[in-house]
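Structure first, then comments.
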Amino acid sequence: MVNNAIVFKIDGVEVRGKPGQTIMHAADEAGIYIPRLCDVEGLEPQGSCRVCTVKINGRTAAACTQPVAPGIEVENDTLEIRNCRRDIVRMLFHEGNHLCPCCEASGRCELQALGYRLGILQPDKYPYLQPVRPVDASHPDIMLDTNRCIRCGRCIRASRHMDHKNVFGYIGRGINKQVGVNGKNLAQTNVHIDDHAVAPGICPVGCIIQKRRGFYDPVGQRRFDLHPIGTEIEKTPKGIKK
Amino acid sequence: MKSNLDSVIAQACNKHKNDPGRVIDILWEIQKSLGCINEDAMEKIAATINTSRVHIEGIVSFYSFFSETPKGKIIIRLCGDIVDRHAGIDKIAAVFSEELGIGIGQTSPDRKFSLEYTACIGMSDQAPAALVNEVALTSLTPDSARDIARRLKSSSDPSKLVTVRGDGNNGNHLVNAMVKNNIRMKGEVILADGIQAESGLKKALSKTPLEVIQEIAESGLRGRGGAGFPTGEKWKLAQKAEANRRFVICNADEGEPGTFKDRVLLTERANLIFEGMTIAAYAVGSDSGILYLRAEYAYLLPYLESVMEERRKSGLLGTAICGKKGFDFDIRIQLGAGAYICGEESALISSCEGLRGEPKNRPPFPVEKGYLAKPTIVNNVETFCCAARILDRGSAWFAGIGTKASHGTKLLSISGDCAKPGVYEIPYGVEIAALLEMAGAEDPVIVQVGGASGEMIGRGFFNRKICFSDLPTGGAITIFNSRRNVLAIVDYYLEFFADESCGYCTPCRVGTVFLRERIQKVMHGFAESADLDYLKDLGKTIMMTSRCGLGSSAPKCVLNSMAQFPLVYSSHLKESADGLQPGFNIQKALEESRRIAKRKSMIYDPVFGNENER
Ligand code: SF4
Ligand code: SF4
Ligand code: SF4
Ligand code: FES
């Protein structure tokens with residue numbers, strides 16, 4: 001057994017974590033999926049999308065930033081929490097402009113996949129904010145369409161911590177908070193097509209687009225056609241069996 | 001022009017040692033000299049202090065007192081708070097607009113004037129009020145506004161507008177403000193006359209740091225900012241945290257709409273505040289402190305600097321304070337730049353570090369990892385004042401005031417529909433009804449306790465008490481009489497939250513906008529009962545999932561008002577005869593398609609078939 005294991009429960013199931021580990025990370029290792037959007041393996045957690053909200057001893061917190069603690073009872077897959085997550089995912093749909101059928105990211109988009117997983121069939125609960133933001137197509141290899149941006153900051157963190165550049169950054173506040181680039185447009189930054197920040201899988205939606213590569217896979221073979229989001233974690237349980 | 005830009009930037013950056021941590025100070029100087037921080041300036045600043053341009057843009061676009069587009073030499077910021085609205089700020093706005101020939105949000109073509117609304121400037125007891133650059137103008141009338149506008153046009157010097165100075169230190173030449181203190185009631189802890197200066201500090205230095213913390217803990221002092229965390233415990237945690245440096249920060253960013261008691265303390269009790277901070281520094285082992293002053297109170301900056309300078313000369317700040325070898329402590333003032341969220345302690349720390357004023361993830365808490373990742377205590381202005389008094393008079397004395405569970409006094413900022421708005425220092429445990437009586441409120445119907453993020457109380461609940469077990473509050477008491485519209489008040493608070501949300505997390509950034517949209521639907525009579533369920537649901541989601549207190553308190557005004565004034569809501573609901581949503585006019589919606597299809601609807605046009613197609 002692992003030394004210093006921290007034992008706690010997620011939806012009644014016993015899970016072991018290590019000191020300093022987040023609830024999300026411990027859950028992943030135990031094969032329990034906690035939905036997420038701003039968190040992705042390899043980047044510092046940011047705790048901004050709030051999709052990973054769980055209840056810990058009756059109080060809500062973000063699983064991606066909350067450390068494990070001995071004896072805590074975490075509620076993850078309950079109706080109340082599912083409803084909260086649905087609302088948040090809906091908010092993200094309504095905040096931007098999402099026309100899935102003609103989006104390059106369809107089928108490999110985490111927002112869309114989460115919509116399916118959470119059972120959001122008709123996004124009509126909230127009003128549409130319908131922002132109109134210019135598409136930045138200045139760069140020869142990369143395009144940026146922030147109309148679909150969910151402000152997850154994955155591109156920002158990847159650029160800063162993996163590429164050691166600052167191609168992207170947040171600007172504005174409140175509903176006007178957006179992702180900006182370090183220059184008048186993308187072409188004027190030092191972004192490169194080989195940067196981690198613009199690699200597929202960093203942007204969870206269809207904002208950062210590699211030119212001449214669109215529509216990666218045919219329908220039926222796209223990432224989430226094969227496995228619904230989260231099943232990659234659920235299928236490889238490494239946690240303790242009872 | 002270009003070389004002017006270069007030299008202004010070089011000078012500003014140089015003055016702050018090209019330290020990216022002091023970028024807010026740098027940006028302030030550039031904003032003042034150039035009237036804006038444009039793309040060129042951002043590029044240049046980034047290059048000079050070795051950071052990225054998008055980082056600078058992120059900061060400039062975060063704080064509302066910075067601007068990317070040129071502003072006038074004189075910026076008139078009208079207080080857009082609800083109390084000011086009720087006091088007729090719109091009439092004042094119309095006068096300025098007419099006299100200066102510009103609309104709200106505009107800058108005159110000669111770049112002399114800008115006119116805009118701003119969030120509560122902390123003058124609700126003398127509304128309507130405005131800031132002209134750093135000069136606060138209070139109790140405005142259309143006539144005085146006209147006079148002010150004309151004088152500004154001829155002299156272009158806002159400081160000349162102050163012809164009559166306010167009471168107390170407002171009259172000090174370094175403050176030079178027409179602001180009134182409006183102290184209506186002095187309690188024995190903070191506003192009492194004849195407080196023995198530095199007695200608390202001297203007594204503290206005769207004890208060990210742990211004894212000081214013990215004294216604070218025994219007094220039962222809890223943070224006066226609203227959250228009410230036990231102060232002694234906070235200090236103990238910071239003192240225990242392993243580190244080579246610790247920081248003491250005073251939160252003077254009172255941005256909660258309707259609060260102004262810190263303004264009075266900063267004016268009249270500056271020494272007591274610094275004394276409290278120094279005691280805290282001694283207790284936790286800190287050598288530097290920061291007073292975070294909201295930009296709206298910039299008119300107090302020269303005075304506060306002079307008080308600190310005096311203290312340095314008297315050995316109350318600096319090295320070997322009061323002759324105590326090894327106890328060195330000094331304070332700097334960090335000026336904010338217009339962001340309510342910076343009142344949140346971790347956002348305030350971000351701002352002190354020269355970042356966007358966004359809250360940080362917790363844990364770790366600031367007492368472990370705060371300013372520059374060092375253990376930091378952040379306390380409110382009033383809390384530091386209490387701490388100094390506790391060290392002077394003892395924990396037993398303090399614990400003897402107030403109620404059994406809420407010790408000491410509380411400063412309240414009372415404003416709105418009452419005859420005597422101002423600052424009241426009351427012992428904990430006083431009922432709302434008694435406050436209303438004291439303030440001379442006739443016909444009060446709604447009392448908002450604690451500003452926008454506080455609790456809305458209807459007439460049936462005026463027996464509730466100000467204390468930690470009933471109504472804990474940062475101190476704003478806003479009174480509304482029967483002529484006020486509850487929904488308009490709620491709409492105002494939501495507008496405030498949507499504007500002030502930092503935008504970091506989804507539920508607060510997006511949810512507050514949706515809440516407001518639906519409240520407006522109710523207000524305009526287009527809502528049905530399902531909309532009320534929607535509001536409750538959405539409010540609950542936002543409260544449960546938001547990352548900090550702003551998001552988790554934003555829906556309170558909606559939920560409170562629905563519970564307290566259900567009849568107001570139901571009287572606005574509409575049940576339409578056709579069973580369709582009341583806000584939706586099917587005939588109107590069909591018009592366009594009728595035109596395109598060149599025929600009528602089979603279902604919705606009852607005369608269909610009886611008429612010839614057109
Ligand atoms: S980004 Fe995702 S959710 Fe948005 S339109 Fe594209 S596929 Fe749909
Ligand atoms: S561009 Fe993509 S990765 Fe970057 S913040 Fe927006 S959604 Fe996230
Ligand atoms: S709750 Fe609002 S203010 Fe707080 S972090 Fe989230 S967006 Fe920012
Ligand atoms: S995944 Fe945790 S907040 Fe986004």
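Every chain is numbered from 1 and lettered A, B, ... according to where its sequence line falls, protein lines coming before strand lines. Computation of the quantities below employed the complete heavy-atom set of this structure, encompassing side-chain atoms and omitting hydrogens, waters and symmetry-equivalent molecules.
- Note on A:Lys177, A:Arg173, A:Arg85: by heavy-atom pairs under 4.5 Å with chain B, the leading option is A:Arg173.
- Smallest separation of non-hydrogen atoms from A:Tyr126 and B:Leu538: OH-CD1, 3.7 Å.
- Of the inter-residue distances, the one linking B:Ile56 atom CD1 with A:Ile171 atom CD1 reads 13.5 Å to the nearest 0.5 angstrom.
- Distance OG1/B:Thr545 to CG/A:Asp87: 8.0 Å, rounded to 0.5 Å.
- Contacts between B:Ser64 and chain A at a heavy-atom distance below 4.5 Å involve backbone atoms as well as side-chain atoms.
- Heavy-atom distances place no part of B:Phe497 under 4.5 Å from chain A, backbone and side chain included.
- Both the backbone and the side chain of B:Ala339 come within contact range of chain A, with heavy atoms under 4.5 Å apart.
- Among residues 146-164 of chain A, the residues having any heavy atom closer than 4.5 Å to a heavy atom of chain B are, in sequence order, A:Ile150, A:Arg151.
- Using a 4.5 Å cut-off between heavy atoms, B:Glu358 touches chain A through its side chain atoms alone.
- Atom NZ of B:Lys360 has more than 12 neighbouring heavy atoms from other residues, nucleotides or ligands inside a 6.0 Å radius.
- Close approach to chain B, defined as a heavy atom under 4.5 Å from one of its heavy atoms, is seen in A:Pro45, A:Gln46, A:Gly47, A:Ser48, A:Cys49, A:Arg50, A:Thr53, A:Lys55, A:Thr60 of residues 41-62 of chain A, taken by number.
- The minimum heavy-atom distance linking B:Arg53 with A:Asn182 is given by the pair N-OD1, 2.9 Å.
- Remark: B:Tyr504 OH to A:Tyr170 OH distance equals 7.0 Å, nearest 0.5 Å.
- Comparing B:Glu57, B:Glu43, B:Met544 by how many heavy-atom pairs each has under 4.5 Å with chain A, the most go to B:Met544.
- Taking both residues in full, the closest heavy atoms of A:Gly172 and B:Ser61 are given as N-OG, 2.7 Å, listed atom of the first, atom of the second, then distance.
- Chain A forms more heavy-atom pairs under 4.5 Å with one residue of B:Ile542, B:Val60, B:Ile341, B:Thr541 than with any other, namely B:Thr541.
- Nearest heavy atom pair, residue B:Arg509 against residue A:Ile175, reads O-CD1, 3.5 Å.
- Counting heavy-atom neighbours within 6.0 Å of B:Asn50 CG, excluding the residue itself, gives a total of 12 or less.
- In the displayed structure, A:Tyr116 atom OH is contacted under 6.0 Å by at most 12 heavy atoms of other residues, nucleotides or ligands.
- Taking each heavy atom of B:Arg518 and A:Pro127 in turn, the nearest pair found is NH2-CD, 4.0 Å.
- Among the candidates A:His94, A:Lys184, A:Gln66, the residue making the largest number of heavy-atom pairs closer than 4.5 Å to chain B is A:Lys184.
- Considering only heavy atoms from C-beta on, B:Asp537 comes within 4.5 Å of A:Lys125 through its side chain.
- Between A:Glu80 and B:Lys540, at least one side-chain nitrogen of the basic residue sits less than 4.0 Å from a carboxylate oxygen of the acidic one, meeting the salt-bridge criterion.
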